[in-house]
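Chain A is the first sequence line, chain B the second, and so forth, proteins listed ahead of strands; every chain is numbered from 1.
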Amino acid sequence: MLDPKLLRNESDLLAKRLATRGYQLDTSRLSELEASRKQVQVQTEELQSRRNKASKEIGQVKAAGGDIEPLKAEMGEVGELLKKNAAELEEIQAALLSMQLDIPNLPHESVPVGASEDENVEIRRWSEPRVLDFEPRDHVDLGEGLEQIDFAAAAKLSGARFVVMRGQIARLHRALTQFMLDLHTQEHGYQEVWAPAIVNAERLQGTGQLPKFGEDLFKLEGEHDRYLIPTAEVPLTNLVADSVLAMESLPLKFVAHTPCFRAEAGAAGKDTRGMIRQHQFDKVELVQVVHPDASYEALEALTGHAEAVLQKLELPYRVLALCTGDMGFAAAKTYDLEVWIPSQNRYREISSCSNCEDFQARRMLARYREGENKPQLLHTLNGSGLAVGRTLVALLENYQQADGSILLPDAIRPYMGGVDRIAKLPG
RNA sequence: GGAGAGGUGGCUGAGUGGUUGAAAGCGGCGGUCUUGAAAACCGUUAACCCGCAAGGGUUCGGGGGUUCGAAUCCCUCCCUCUCCGCCA
């Protein structure tokens with residue numbers, strides 16, 4: 001959510017900046033609602049004031065043994081009027097709020113202006129794709145050839161966009177999550193968190209998935225407003241919802257491994273082959289909660305923490321600064337990490353690291369206090385460190401050998417019980 | 001899932017319809033005293049919204065209702081605790 005004061009007073013400027021990310025702010029409707037809100041609110045509060053005074057008076061008169069009937073009759077009318085006004089005010093405020101919840105974050109001034117992903121800006125590359133003397137196979141062929149990835153079984157169990165892994169590949173998947181968690185807790189200073197994969201609607205509104213993007217989520221049946229998380233960003237960031245943190249406790253750095261669930265409603269026909277886009281996948285997520293002055297420094301650091309995973313696994317990647325038109329709803333600035341995928345002969349997204357500034361903090365009322373000052377909104381950041389399924393895909397494809405086996409990078413071998421190669425299962 | 005008890009300010013905890021935004025204690029802050037500290041004593045100490053301000057409004061788990069007036073009464077939802085059942 002944007003600062004309502006800015007929205008009131010600088011709506012033209014905001015409209016201009018929001019337009020760069022393809023959002024059209026309806027400033028006339030906004031100012032209309034704002035004007036009527038002000039008028040009705042002042043009226044309502046006047047009526048409330050009258051009622052409060054009269055009620056006090058009635059109390060006094062009654063205590064003194066006087067006649068309160070005339071006063072009561074008079075207040076009956078005020079009550080009617082107040083009821084009407086309050087209902088109207090509530091309606092206006094609901095409309096205003098729903099409008100505010102719909103507006104994406106403002107892009108930071110350093111974000112390149114552009115309409116689509118084509119205008120993202122490459123910041124740097126790390127390492128070079130291996131040159132193969134054979135035609136690379138994709139992870140589906142590799143995994144099925146090794147008899148350790150099974151999409152047919154997953155389709156039988158659950159439908160499209162699910163996967164079953166077995167044997168050493170299943171183990172590798174687990175090894176990768178352990179490796180990532182250890183790296184971030186031991187070398188990058190994150191606190192390991194285990195959190196629910198089911199959250200309520202209020203928490204999804206806090207991070208920005210709701211109310212606008214409900215169709216991307218799996219909602220649980222039943223009487224409660226609960227959803228499967230699309231990312232651990234939701235539970236991790238919302239840990240600080242409705243709280244006032246002491247300065248000394250900042251920054252908070254959380255890392256968690258969770259399953260992530262996405263309906264992929266708008267992705268029909270996209271990445272239908274393989275494990276790139278699944279309804280369920282595992283992710284190791286990094287979240288930082290920081291002082292506003294420190295958030296851009298933190299974004300660089302957090303991006304570096306995600307990069308470290310790829311560097312240790314010796315997987316070639318590049319870093320993009322997303323342009324205004326390609327950024328997510330809550331982000332003020334985002335770096336994407338893209339890893340080399342040999343079978344596609346291009347880089348594919350494996351991590352997205354964002355500074356949301358106070359956008360999420362305002363929605364979930366997450367604040368800190370400096371000395372005796374009033375509580376101020378925090379800044380929140382999140383990034384994948386990394387998407388485990390996609391890391392597995394990159395590893396299989398980049399380390400494939402001519403015979404279809406997978407030679408494992410040094411960093412992961414201790415997590416594989418010393419195994420250095422994945423080959424076909426015996427028997 | 002069944003039965004019961006609860007949810008009040010930073011914390012503990014009073015308060016069952018009327019000058020209660022809320023007693024008291026603790027904690028915090030300021031002061032007196034002291035070489036300094038402790039103790040004691042005195043004072044002070046909620047958040048949010050509208051407004052340039054004066055001021056006004058909202059908030060006693062959430063929502064709804066009754067009433068001139070609700071922390072207090074009614075309905076409903078959520079959460080916590082105890083016991084029972086079931087269970088990884």
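- Here the nucleotide nearest the side chain of A:S49, chosen from B:G51, B:G64, B:G56, is B:G56.
- When the C1' atom is compared between B:U20 and B:G9, the two are found 13 Å apart, to the nearest whole Å.
- Taking the P atoms as reference points, B:G1 lies 35 Å from B:U67, given to the whole Å.
- For the contact set between residues 36-47 of chain A and RNA chain B, defined by any heavy atom under 4.0 Å, the members are A:R37, A:K38, A:Q41, A:E45.
- Taking atom CZ of A:R226 as the reference point, atom C1' of B:C79 lies 11 Å away to the nearest angstrom.
- When Watson-Crick and G-U wobble pairs are counted only if both distances are under 3.5 Å, B:U72 pairs with no nucleotide at all.
- In this view, A:E32 satisfies the side-chain contact (heavy atoms from CB on, under 4.5 Å) rule with no residue, not counting sequence neighbours.
- Both distances falling under 3.5 Å, in either a Watson-Crick or a G-U wobble arrangement, occur for no nucleotide opposite B:A54.
- Remark: the separation of the P atoms in B:G13 and B:C77 is 28 Å, to the nearest Å.
- To the nearest angstrom, P of B:C79 lies 10 Å from CG of A:N200.
- A:R50 comes within 4.0 angstrom of no nucleic acid atom, judged by non-hydrogen atoms across all strands.
- Comparing the P positions of B:A70 and B:U59 gives an interatomic distance of 9 Å, to the nearest angstrom.
- The nearest whole Å value for the distance from the CD atom in A:E34 to the C1' atom in B:G51 is 13 Å.
- With rounding to the nearest 0.5 Å, the separation of CZ in A:R37 from OG in A:S31 is 12.5 Å.
- Between the P atom of B:C50 and the CG atom of A:N9 lies a distance of 10 Å, rounded to the nearest Å.
- A pairwise comparison of heavy atoms in A:L378 and A:R367 identifies CD1-O, 3.5 Å as the closest pair.
- Salt-bridge annotation for A:K312 and A:E187: present, with a side-chain N of the basic residue lying under 4.0 Å from a carboxylate O of the acidic one.
- Closest approach to the A:N52 side chain among B:C50, B:G21, B:G57 is made by B:G57 (side chain taken as heavy atoms from C-beta onward).
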Distance-only donor-acceptor pairs under 3.5 Å for side chains of residues 6-15 of chain A, two or more places apart:
residue : atom : partner : partner atom : Å
A:N9    : ND2  : A:K5    : O            : 3.1

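- Taking a pair to require two hydrogen-bonding distances under 3.5 Å in either a Watson-Crick or a G-U wobble arrangement, B:C60 remains unpaired.
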Using a 4.0 Å cut-off on protein heavy atoms (strictly under), produce a 5'-to-3' string for nucleotides 65-77 of chain B with B for base contact, S for backbone-only sugar-phosphate contact, and - for none. -S-BS--------

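- The nucleotide B:G6 finds its pairing partner in B:C79, both defining distances of the Watson-Crick or G-U wobble pair being shorter than 3.5 Å.
- Checked against side-chain contact (heavy atoms from CB on, under 4.5 Å), A:S49 has the following partners two or more places apart in sequence or in another chain: A:K53.
- Separation of the C1' atoms belonging to B:A24 and B:U45 is 15 Å when rounded to the nearest angstrom.
- Rounded to whole Å, the C1' atom of B:C29 lies 37 Å from the corresponding atom of B:C78.
- On the P atoms, B:A23 is 13 Å away from B:U19, given to the nearest whole Å.
- As rounded to whole Å, 14 Å separates atom P of B:C29 from atom CZ of A:R369.
- Nucleotide B:G1: paired with B:C84 (Watson-Crick or G-U wobble, both distances less than 3.5 Å).
- Between A:R367 and the phosphate of B:C48, there is a side-chain N or O to OP1/OP2 separation shorter than 4.0 Å.
- Screening residues 273-293 of chain A for ring pair (Phe, Tyr, Trp, His ring centres under 6.0 Å) gives A:F162-A:H279, A:F218-A:H279, A:H291-A:Y368 as the qualifying pairs, with residues at least two apart or on separate chains.
- Here the CG atom belonging to A:L315 is positioned 6.0 Å from the CG atom belonging to A:L310, to the nearest 0.5 angstrom.
- For the pair A:D242 CG and B:U59 C1', the computed distance is 14 Å after rounding to whole Å.
- Identified under the salt bridge (charged side-chain N to carboxylate O under 4.0 Å, His left out) test for residues 88-111 of chain A, with sequence neighbours left out: A:D102-A:K212.
- With both ends at atom P, the span from B:C41 to B:C26 equals 9 Å, rounded to whole Å.
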List the atom pairs, donor and acceptor, that lie under 3.5 Å between side-chain atoms in residues 229-257 of chain A and the rest of the protein, sequence neighbours left out.
residue : atom : partner : partner atom : Å
A:T231  : OG1  : A:E233  : N            : 3.0
A:T231  : OG1  : A:K283  : NZ           : 2.8
A:E233  : OE2  : A:Q360  : NE2          : 2.8
A:E233  : OE2  : A:N382  : ND2          : 3.4
A:T237  : OG1  : A:E233  : O            : 2.7
A:N238  : OD1  : A:R203  : NE           : 3.2
A:N238  : ND2  : A:R203  : O            : 2.8
A:N238  : ND2  : A:V234  : O            : 2.8
A:S243  : OG   : A:V240  : O            : 2.6
A:S249  : OG   : A:A246  : O            : 2.6
A:K253  : NZ   : A:H188  : O            : 2.7
A:H257  : NE2  : A:D282  : OD2          : 2.7

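- Residues passing the salt bridge (charged side-chain N to carboxylate O under 4.0 Å, His left out) test with A:R273, sequence neighbours excluded: A:D138, A:D141.
- Searching all strands for a Watson-Crick or G-U wobble partner of B:G43 with both distances below 3.5 Å returns B:C29.
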